[in-house]
There are 2 protein chains.
Amino acid sequence: MFARVNNALQPRPSILTAFGSDGALAARLASSWFEYKKDTEIYEEDEAADYVYEVITGAVRSYKLLSDGRRQIGAFHLPGDIFGLENGSEHRFTAEAIVDTSVQLVRRFSLEAVAKHDAMVARNLLCMTTNKLRHAEDHMLLLGRKTALERVAAFLLEMDSRLAAAGVMLLPMARRDIADYLGVTLETVSRALSLLHSKGVLDFVGNRQRHIVLLDRTQLARFDAQN
Amino acid sequence: MFARVNNALQPRPSILTAFGSDGALAARLASSWFEYKKDTEIYEEDEAADYVYEVITGAVRSYKLLSDGRRQIGAFHLPGDIFGLENGSEHRFTAEAIVDTSVQLVRRFSLEAVAKHDAMVARNLLCMTTNKLRHAEDHMLLLGRKTALERVAAFLLEMDSRLAAAGVMLLPMARRDIADYLGVTLETVSRALSLLHSKGVLDFVGNRQRHIVLLDRTQLARFDAQN
DNA sequence: CGGGGGCTTGAGGCCACTCAACGATAGTGG
DNA sequence: CCACTATCGTTGAGTGGCCTCAAGCCCCCG
């Protein structure tokens, strides 16, 4: 399951600073470093939530399944994102590496122990939960009321703001993942992208279909629904 | 806007106990009592979030709008529910009374001041946010992947668990509200209810179409999608 | 008792889904 | 290094579930 394990403290313990490390925090919290191969499970829904993760490189999908296989991806986790943080004792999603992914992690129990005495850490826990809630609330509007084209446009704008470098983004996820995130089929995603391409809003770089350049963010925003 | 105002402490300050009142809390937090007529706004999206509310009697809908009028209701708030609690400075939804509704409220600022010194109150804030997140996550699965019939069945089961008394529930919300909560049209909701009625799963009491009796919860659960 | 709003039901249309074929790409093994 | 193969993405044709539009009923309320 774990491709590589390293229990030593890493040179960049960002999962600690994310919770508001005050210097003393790093000394009390041991963090580990794991790597997951593409398409391997990190944790499963209803599994005990013993660890909290931060994506260092790669990408992760969090999803729920219905018994007949229908899947809803609730979020993509990109480098710098914290995931797997639960208030209850079990994970509410299954998490899988989308591509080869390295994560840093800390024991949830340790984190809670620190939070009990450090108000700043506790406040950061609340803030992270609030951010996840904000995303979920926006996504409910997308899933409940937006058209297929609007969903794809919104997705591109979200990814652009999260992982674009110099106007180019390399999407780590396949069409099926995008589709299950947006509540449509993969064919519909493909058709929407083709349409946006034909309208001159985006372009594909080289032969790699997941390398996308946004040519005109303003024009793309007009394909999304205005709030 | 406010039908009645009463700044005195109420005999049942449940909004205080909800945050983990230790007796001393009630003394430091002044709570008020307001009433809202049916279909009046309690607060608007992006408005400053100065108060936190608890439904005493009635029902409230929280929703987002797109510029062309499409509406997504994120949650219904029923007696005992806390709503309007934000971590940021502005409300993320518009809240309206569905029927004549009485609420108890406290200043958000006061609550934060107390939370700063009372770890239990702070923990309760996190817990409430977590519960809202859990609901939003489940609702994303419903909106993204369930069929119309499954959505209506899930809605009935949710409402049954929240407001059923002796197998009968009086739904405070209209078909349009249910539709905007489930991401379908009101006609689709009506058709699904008719179908469930014809299958003998539920019945309408008297001539009031919002009085519903669930005849067989087990059978109804089979119309919902299994997780 | 008349008017209006909410609910139901029907008819028809459309958007997204399903099924299918094909091309391109990346990974595999000879 | 190159065929071979599996996977991914695109595109087309046809279907279907939900939406739109409309009519009519019932209840509530003035």
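Letters A, B, ... mirror the listed sequences (proteins, then strands); counts begin at 1. Just the heavy atoms: all of them, side chains too, but no hydrogens, waters or symmetry mates, feed the values below.
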Nearest-Å distance, [atom1] ([X]) to [atom2] ([N])?
X      : N      : atom1 : atom2 : result
A/K37  : C/dG27 : NZ    : C1'   : 14 Å
A/R176 : D/dC8  : CZ    : C1'   : 11 Å
A/I98  : D/dT7  : CD1   : C1'   : 17 Å
B/D177 : C/dG6  : CG    : P     : 10 Å
A/R70  : C/dC17 : CZ    : P     : 13 Å
A/H211 : D/dC8  : NE2   : P     : 16 Å
A/L195 : D/dT10 : CG    : C1'   : 14 Å
B/F204 : D/dC27 : CZ    : P     : 13 Å

How about B/Y181 and B/H139: are their ring centres within less than 6.0 Å of each other?
->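 Yes.
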Tell me, which of residues 60-68 of chain A have any heavy atom that sits under 4.0 Å from an atom in DNA chain D?
->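 Heavy-atom contacts with DNA chain D come from no residue of residues 60-68 of chain A; none.
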Considering only heavy atoms, which members of residues 178-186 of chain B lie under 4.0 Å from some atom of DNA chain D?
->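 Here the set is B/G183, B/V184, B/T185.
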Ion pair check, [X] and [Y], cut-off under 4.0 Å:
X      : Y      : result
A/R162 : A/E158 : yes
B/R70  : A/E150 : yes
B/K37  : B/D100 : yes
B/K64  : A/D138 : yes
B/R107 : B/D50  : no
A/R151 : A/D224 : no

Could you tell me the separation between the CD atom of A/Q219 and the CG atom of A/L196, rounded to the nearest 0.5 Å?
->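 Reported value, rounded in 0.5 Å steps: 9.0 Å.
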Without hydrogens or angle criteria, can the side chains of A/T129 and B/T129 be said to hold a donor-acceptor pair below 3.5 Å?
->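 The answer is no; no qualifying pair exists.
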Have B/Y63 and B/E96 got a donor and an acceptor in their side chains that come within less than 3.5 Å?
->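 The criterion, which ignores hydrogens and geometry beyond distance, is satisfied for B/E96 and B/Y63.
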Please figure out whether A/T188 or B/K38 has its closest DNA chain C nucleotide nearer the 5' end.
->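 The 5'-side residue here is B/K38.
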Under 3.5 Å, side chain of B/R61 to main-chain N/O of B/F76, donor-acceptor pair present?
->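 A pair under 3.5 Å: no.
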DNA chain D: A/M173 or B/K146, which has the more 5' nearest nucleotide?
->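 Its nucleotide being nearer the 5' end, the pick is A/M173.
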Please test B/E41 against B/T94 for side-chain contact (heavy atoms from CB on, under 4.5 Å), starting from the C-alpha separation and ending with a verdict.
-> CA-CA 8 Å; B/E41 181 182 297; B/T94 300; 4.2 Å; yes
Is there any protein nitrogen or oxygen under 3.5 Å from a nitrogen or oxygen in nucleotides 19-22 of chain C, and what are the pairs?
residue, atom, partner, partner atom, Å
C/dC19, N4, A/E187, OE2, 3.0

May I ask you to evaluate whether B/S194 reaches the phosphate of C/dT9, defined as a side-chain N or O under 4.0 Å from OP1 or OP2?
->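 Looking at the OP1 and OP2 atoms of C/dT9, one of them is under 4.0 Å from a side-chain N or O of B/S194.
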Considering just the side-chain nitrogens and oxygens of A/R210, establish if one lies under 4.0 Å of OP1 or OP2 belonging to D/dC8.
->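 Checking D/dC8 against A/R210, no side-chain N or O comes under 4.0 Å of OP1 or OP2.
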